[in-house]
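Fair warning: this is a prediction, and the values are worked out from it, not measured in the lab.
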Amino acid sequence: MELTVNLSYEQYLDKVLGGWIGKSMGGAVGTRFEGYKGWIEIDPAEMFPEAMPPNDDLDLQVLWLKVLEEKGPALTSDDLAQAWLDGCWYPFNEYGIFRRNWRLGIHPPMSGRFGNQFWENGMGCPIRAEIWGYVFPGAPDLAAHYAVKDGTLDHTEQSVGAEMMLAAMSSMAFFVSDVRRLAAMFIHYLPAGTPIARMTRAAFDAYDQGVPLRAARDRIMAMEGFPEACDSQVNVPFTFLGLLYGGNDLQETMLAALRCGYDTDCTLATAAALLGQILGASRIPAALKEAVGDELVMGIEYRRAEMTLTALARDTARVGVLINQTLSTGVTITGAPAMAAAPAAWTPPPVEVSVEYAGLPTAAPGETVEVTVAVRGLLKAAHVTVTGPEGWTIVPATFSIAPGSTRTPVSLYAPAYAEEWPMRQLFHVRVGAAEPVETTFGIASSGLWRFLGVYYDALPEPGNALQRQRRFMQHFVSLQRAYLPEPVVDPEKEYQHWSHALGRPAVVYSRENEIDLSQLIGLRGPYCAYLTRTLFAHEEQTVYLIIGNNDGYRLYLNSELVHETEECLWWTPFNNIHPVTLRQGANHIVVKLLKRGDDLRFTFGVRARTGAQGQNA
C-alpha cells in the first residue's frame, strides 16, 4: 500500500515524540505489576512509580535505531542480531533462546523457532513494533517487512504477525487517528486460524457487543487462554482491550490494559505508544508528561549521546526523513531541517548469501541435514564452496552458479560414529574467489541418551484395594520403587540388554532438549524409564540443569542424587532448576522418569550459571 500525500515534519516529529512518551509511560506504570495474572485495580493517583524503570519494550527499539542509523533500509536480520549481542545483555525467555541459537550458528528465521517451543509466541517482538512504523510513515507494508527481520530473531508466526500488524498500524497512525480503522486495515497480518487472530477478533467483538471489560477479559481467557504471563496470544488481545475500553483517553487506556493483568508493562506500553502517537506529544495531558519526564531510561549496555526522549524522537525522525528520501515511498515529509546525507552503508551489498534449513537444524551421528544455499544479486558466474567439521560429508561440497539469484540444495551427512559429539557444528559457505562473499551457519548436535529400560508393576501392591480393583485395566508405577539399583551400578549392561531386546541401539536422540521416548517404545499406560547421558566439561564449572517435566522424576549426577519429585503438572521448560558443579572431563547423568498420565514430556537443558535462574543464555 502506498500513498501520495504530504506529512509536515512538525507533525511527524510531534507524533513520534508522543509515541515514545506513551511507550515510556505505559512501561513505567505496568512494570511493577508484570506477571500478575489477576484483575488489577489501582487508584489513578498511584499509577506512576517514584523513579522511571528501564523497560525492554523500549530498550531494543533504541538499539534498532542505532542499526537504522548505520545501515538504513539495507539492514538485515543479522545486523540486528549482532547489535543485540553487542549491546543488550537480556538472557530471559525467547531473548535467551535467540542468544543461544546464535552461538550455535543458527541465524534468523530459524533462531526464533529452534528450541523455542514455549516462548516462540512471546511478547518480546510485538513490543518492538513502533520503531518500524515511525521510520516508514505512510508505508505500512515496508514497516511490516522490516518487522519480520526483527521478529524472526526470537519468535515465530503468531508473534511476528502481531509485530507486523502493530508496525503497520504505527506507520499509518500518522494519517489515520481511529484505532478501530487501523486495526481493521492490518489485522490480516495475524496468521489466519491461529489463537492470536481468534482472540484479537474476540476482543473487538466483545467491545462491539457492549460486554463489560472484565467479562471481555474472561471471554478471551475461556476461549484459548495461556498460563504464560508474557505470551502474545493473550496479551495482544488485552492490549486492544485497553485501547478499546480506554475511549481515546490515555490514562484510562493504561488503566484498562492494566486491569487485564499478565504482561502489563508490554500491554500498557504498546497501547499507550499508539494512542500517544495518535495524540502527538503536544496533546498528551501535561500531568502525564510530567510524571514521565524527558529522561531516556535504559537497562541495557547501549547508550545514546543524548539520553532524552526528545532527542530520541528527533533522531528517529531524522532516520525516517532520510529513508523516505532514499526509498521514495510516495509520502513527502515537508519542512524537514537540513540533514547530513545517508552514509554509504545504506546501499545494500550487491551479492548476498544465506542458508535455509529444510527441517530442524539438528543432527545425531549418522543423520542427514538438508539445507539450501541461496545467493542473490550475482552479476557473473561464480564458484561456491561449502566446508564443515571433520567427519561430515557435504554433497555437493563445491559447485558453480550462474548470474542472478540461485538456490542450490546441499546435503550434510553427519559421521556415523563420534566418541564426543560437540553441541555446535559450524559450516562455512564461500561464494567467489577474488572478492568472496561468505557466511557461516550451524547445526546443533542432538543429545544422545542411552535407554536403560522401561518398567512397570503388572500386579497391584498387596493390600492395595484400589489397585486390585483396577488390575484388569491398569499397570502401576512408583517413583519410590527401584526397578534398577539406584544409583544405576552398570548402565552399560542395561544398555546392551535393551539394545538386544529392542533389536536396535537403545539410543534416544534429544532434539530441542526433548527426551521423546516414542522414538524407541510405544508402551501405553503408566511406566518408569531410566536413561543416561555423558556430558563433557573442559574444566570444572557450575551450571544449572534445567528440567521441564509433567510427571515425577529422579535426577542423578555422577551417582549423586540431585533431585526427586512426585509432581504431576503442566510442562514448561523451567519447571525445575538445579544448580550443580560439573567436574572436568566426563559427567554421567541418569534420569528416572515416570509416566502416569496419557503423555510424558521431559526436557533437559544445561545453562551457564551466570545470573538469574530463569535465564536461557
Side-chain angles (χ1 to χ4, degrees), residues 364-367 417-421 423 445-459 475-537 545-568 571 575-576 578 580 582-583 585-597 599-606:
E367 293 189 329
Y417 171 78
E419 188 167 336
E420 293 187 16
W421 193 233
M423 291 180 62
S445 296
S446 299
L448 309 180
W449 290 87
R450 286 189 164 197
F451 178 71
L452 307 182
V454 60
Y455 306 90
Y456 55 88
D457 297 321
L459 301 175
H475 290 157
F476 309 99
V477 69
S478 170
L479 187 67
Q480 302 309 317
R481 178 171 177 181
Y483 297 95
L484 291 177
E486 295 182 27
V488 179
V489 176
D490 193 349
E492 180 64 23
K493 174 184 174 183
E494 303 301 333
Y495 167 72
Q496 294 295 340
H497 166 78
W498 281 94
S499 294
H500 180 73
L502 296 173
R504 52 167 291 185
V507 177
V508 175
Y509 299 143
S510 174
R511 311 180 199 283
E512 302 183 282
N513 297 325
E514 186 106 18
I515 298 179
D516 179 8
L517 290 176
S518 68
Q519 296 175 32
L520 284 181
I521 62 173
L523 176 65
R524 289 169 287 184
Y527 63 68
C528 166
Y530 291 85
L531 299 102
T532 185
R533 177 181 176 183
T534 301
L535 301 178
F536 289 92
L545 301 183
I546 308 299
I547 303 299
N549 63 299
N550 68 348
D551 209 325
Y553 68 92
R554 273 188 184 152
L555 173 65
Y556 293 90
L557 171 62
N558 297 324
S559 298
E560 297 290 332
L561 179 65
V562 174
H563 186 75
E564 70 172 62
T565 179
E566 290 271 12
E567 63 190 2
C568 294
W571 176 86
N575 275 343
N576 286 284
H578 308 303
V580 300
L582 298 180
R583 64 195 182 193
N587 293 265
H588 304 292
I589 303 288
V590 173
V591 293
K592 176 183 184 179
L593 307 181
L594 289 194
K595 173 181 173 291
R596 289 174 288 190
D599 299 295
L600 170 64
R601 285 207 71 184
F602 188 88
T603 51
F604 176 93
V606 182

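- Side-chain N or O atoms of Asp457 include none that pairs as donor or acceptor with a backbone N or O of Leu459 at under 3.5 Å.
- The CG atom of Asp551 lies 9.0 Å from the CG atom of Leu479; values are rounded to the nearest 0.5 Å.
- No side-chain donor-acceptor contact under 3.5 Å links Asp490 to the backbone of Val488.
- Taking every heavy atom of both residues into account, Trp421 and Ser446 meet most closely at CD1-O, 3.4 Å.
- Atom CG of Asn549 and atom OG1 of Thr603 lie 8.0 Å apart (nearest 0.5 Å).
- Panel note: side chain Asn587, backbone Phe536; no donor-acceptor pair is recorded below 3.5 Å.
- Using a 4.5 Å cut-off on side-chain heavy atoms (C-beta onward), Leu555 and Ile589 make contact.
- Contact of the Thr532 side chain with the Tyr556 side chain is not registered, since no non-hydrogen atoms from C-beta on lie closer than 4.5 Å.
- Checking side-chain atoms of Lys595 against main-chain N and O of Gly597 turns up a donor-acceptor pair under 3.5 Å.
- Nearest heavy atoms, Arg524 versus His475: O-ND1, 4.3 Å.
- Here the closest non-hydrogen pair linking Leu523 and Tyr527 is O-CE2, 3.4 Å.
- For Tyr553, the ring-ring contact (aromatic ring centres under 6.0 Å, His included) test picks out His563, Phe602, with sequence neighbours left out.
- Val477 places none of its side-chain heavy atoms less than 4.5 Å from the side chain of Tyr455.
- One finds the CG atom of Leu517 at 10.5 Å from the CH2 atom of Trp449 (value rounded to the nearest 0.5 Å).
- The backbone N or O of Tyr483 sits less than 3.5 Å from a side-chain atom of Tyr530, completing a donor-acceptor pair.
- Using a distance-only test at 3.5 Å, with no hydrogens or angles considered, a donor-acceptor pair links the side chain of Asn550 to the main chain of Arg601.
- Annotation: side chain of Tyr509 is in contact with side chain of Glu367 (closest heavy-atom distance under 4.5 Å).
- With hydrogens and angles ignored, the 3.5 Å screen pairs no side-chain donor or acceptor of Asn576 with any backbone N or O of Ile547.
- For the pair Asn513 (side chain) and Gly605 (backbone), a donor-acceptor distance under 3.5 Å is absent.
- Note that the CG atom of Leu545 and the CG atom of Leu535 stand 7.5 Å from one another [nearest 0.5 Å].
- Taking 4.5 Å as the limit, some side-chain heavy atom of Leu582 sits within range of a side-chain heavy atom of Leu557.
- The pair Arg450-Glu492 meets the salt-bridge criterion, with a side-chain N (NZ, NE, NH1 or NH2) lying under 4.0 Å from an Asp/Glu carboxylate O.
- To the nearest 0.5 Å, the span separating CG on Leu594 from CZ on Arg481 amounts to 12.5 Å.
- Considering every non-hydrogen atom in both Tyr456 and Pro526, the closest pair reads CB-O, 3.8 Å.
- Put simply, the side chain of Leu520 reaches to within 4.5 Å of the side chain of Arg504, judged on heavy atoms.
- Remark: side-chain polar atoms of Lys592 are not paired, donor with acceptor, to backbone N or O of Cys528 under 3.5 angstrom.
- Side-chain atoms of Ser559 never come within 3.5 Å of backbone atoms of Pro487 as a donor-acceptor pair (strictly under, hydrogens ignored).
- In this structure the side chain of Phe451 never reaches within 4.5 angstrom of the side chain of Gln519, judged on heavy atoms.
- Contact check for Asp599 versus Trp571: no side-chain heavy atoms found under the 4.5 Å cut-off.
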